[in-house]
2 protein chains.
Amino acid sequence: MRISGAESLIMEALWANHPTTAEDIFARVAPGRGWSETTVKTLLARLVGKKAVDTEREGRRYLYRPLLAREAYVESESREFIDRMFGGRVAPLVSHFSAREKLSPEDIAELKRLLAEIDDGQ
Amino acid sequence: MRISGAESLIMEALWANHPTTAEDIFARVAPGRGWSETTVKTLLARLVGKKAVDTEREGRRYLYRPLLAREAYVESESREFIDRMFGGRVAPLVSHFSAREKLSPEDIAELKRLLAEIDDGQ
DNA sequence: CGTTACCGTCTACACGTGTAGTCAATAGGT
DNA sequence: ACCTATTGACTACACGTGTAGACGGTAACG
């Protein structure tokens with residue numbers, strides 16, 4: 001089930017803090033977006049419909065919690081993106097950024113660390 | 001100007017071979033998609049409207065050529081994706097793939113080569 | 001117990017997108 | 001010069017998405 005752009009903002013808020021109320025999500029997401037409360041509710045309802053979010057009644061309101069794990073979401077989005085853009089391989093993407101000097105020193109350090117780790121594993 | 005998913009397939013065909021005719025693009029893109037010829041024409045027209053593709057008359061038909069460079073497209077899509085998914089940094093993405101053993105030996109070799117290259121540059 | 005405030009649901013609407021049919025212009029062949 | 005085949009333009013339509021108003025049920029408070 002596809003998560004749209006606006007919906008993914010709601011998911012981010014939920015991943016950061018759950019279970020929680022629509023009001024809380026509204027408070028944390030809407031300011032940066034200028035969304036009305038209804039918009040947040042609509043998006044939540046759609047996510048529940050898509051089975052990406054689960055609800056649990058708490059008094060007169062719902063508590064929302066993510067059903068879709070962020071890991072799984074990142075995984076499928078990444079795969080799709082890398083397939084579309086870089087023929088399914090990771091190195092060309094890194095190469096692309098490296099060629100444009102968009103790699104920060106921290107990036108470079110961490111990449112080295114990762115590769116060393118992989119070598120250790122072998 | 002945003003390029004949609006279907007449109008990006010047309011762009012790929014154009015990047016691979018240009019300038020060329022709608023018929024040629026149809027021949028190369030439609031089979032894998034089951035698109036009708038009109039669909040390809042519509043997408044081309046939209047891309048021309050978005051100024052991502054340029055036309056030049058050749059007899060009774062057009063020759064199409066990309067106006068938007070693939071480099072620029074990849075750049076902006078990548079940036080947006082990395083911002084959305086990994087807080088704007090490349091290393092977490094690689095780390096994500098590395099953790100799932102989705103890095104091919106070629107990926108790893110190329111990453112090493114890239115890092116060595118960067119070191120040389122310093 | 002009745003009223004009120006809150007909160008989710010229903011409804012709505014414009015716009016982009018995926019997909020394609022019909023039409024009109026015109027280049028080319030005879 | 002005329003007919004025809006080709007090719008882009010116009011039109012269309014359903015569906016997802018971004019965005020939000022209106023409404024109705026029900027929990028809570030008095």
Side-chain angles (χ1 to χ4, degrees), chain A residues 1-14 18-68 73 76-77 80 84, chain B residues 1-14 18-68 73 76-77 80 84:
Chain A
M1 204 57 52
R2 189 116 229 97
I3 306 295
S4 81
E7 285 163 3
S8 81
L9 293 193
I10 304 286
M11 291 305 292
E12 290 291 349
L14 271 175
H18 63 264
T20 189
T21 64
E23 195 194 4
D24 170 59
I25 295 175
F26 171 69
R28 284 188 297 129
V29 173
R33 270 271 154 166
W35 280 343
S36 85
E37 213 166 333
T38 325
T39 298
V40 171
K41 305 251 190 82
T42 301
L43 291 170
L44 275 169
R46 286 182 184 166
L47 286 167
V48 170
K50 289 179 180 181
K51 304 228 191 293
V53 167
D54 199 14
T55 62
E56 169 195 345
R57 242 199 159 102
E58 187 231 31
R60 80 172 126 197
R61 55 171 116 185
Y62 280 139
L63 291 184
Y64 297 87
R65 91 178 62 235
L67 255 188
L68 172 65
Y73 174 69
S76 76
E77 292 291 308
E80 193 187 317
R84 212 201 260 330
Chain B
M1 204 57 51
R2 190 115 229 97
I3 306 295
S4 82
E7 285 162 2
S8 81
L9 292 193
I10 304 286
M11 291 305 292
E12 291 291 349
L14 271 175
H18 63 264
T20 189
T21 65
E23 194 193 4
D24 169 60
I25 296 175
F26 171 68
R28 284 188 297 127
V29 173
R33 272 269 152 166
W35 280 344
S36 86
E37 213 166 335
T38 326
T39 299
V40 171
K41 304 254 190 81
T42 301
L43 291 171
L44 275 169
R46 286 183 184 166
L47 285 166
V48 170
K50 289 179 179 181
K51 303 228 191 294
V53 167
D54 199 14
T55 63
E56 169 195 345
R57 253 212 146 93
E58 187 231 32
R60 79 173 127 197
R61 55 172 116 184
Y62 281 138
L63 291 184
Y64 297 87
R65 91 179 61 236
L67 255 188
L68 172 65
Y73 173 70
S76 76
E77 292 291 308
E80 193 186 317
R84 211 202 261 328

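This is a predicted model, so every value here is computed, not measured. Side chains are part of it too, since the values below use all heavy atoms of this structure and drop only hydrogens, waters and symmetry mates. Per chain, numbering begins at 1; letters A, B, ... match sequence-line order.
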Please report, rounded to the nearest Å, how far the P atom of C:dG18 is from the CD1 atom of B:I10.
10 Å
Give A:S36 one of three labels, base, sugar-phosphate or nothing, depending on what nucleic acid heavy atoms sit under 4.0 Å from its own.
sugar-phosphate
Under a 4.0 Å threshold between the charged nitrogen and the carboxylate oxygen, would A:K50 count as salt-bridged to A:E7?
yes
Between A:T39 (side chain) and A:W35 (backbone), is there a donor-acceptor pair under 3.5 Å?
no
Separation of atom CG in B:L44 from atom P in C:dT19, rounded to whole Å
15 Å
Treating B:R65 as the side-chain partner and B:L14 as the backbone partner, does any N or O pair qualify as donor plus acceptor under 3.5 Å?
no
From CZ of A:F26 across to C1' of D:dT19 the rounded distance in Å is 13 Å
Check: A:A22 main-chain N/O paired with A:K41 side-chain donor or acceptor under 3.5 Å
no
Hey, what do you get for CG (B:L47) to CD1 (B:I10), rounding to the nearest 0.5 Å?
7.0 Å
Reckon B:T39 has a side-chain N or O less than 4.0 Å from the OP1 or OP2 of C:dA20?
yes
For atom CG of B:L43 and atom C1' of C:dA20, their distance in whole Å
11 Å
Toward the 5' end of DNA chain D, which comes first, A:A6 or A:G59, by nearest nucleotide?
A:A6
Tell me: CD of B:E58 to C1' of C:dA27, nearest whole Å?
12 Å
Reading nucleotides 2-16 of chain C 5' to 3', which nucleotides get B (base under 4.0 Å from a protein heavy atom), which S (sugar-phosphate only), which -?
---B-SBB--B----
With the threshold set at 4.0 Å, does a side-chain nitrogen-carboxylate oxygen contact exist between B:R2 and B:E77?
yes
Rounded to whole angstroms, how far apart are CG on A:L9 and P on D:dT17?
14 Å
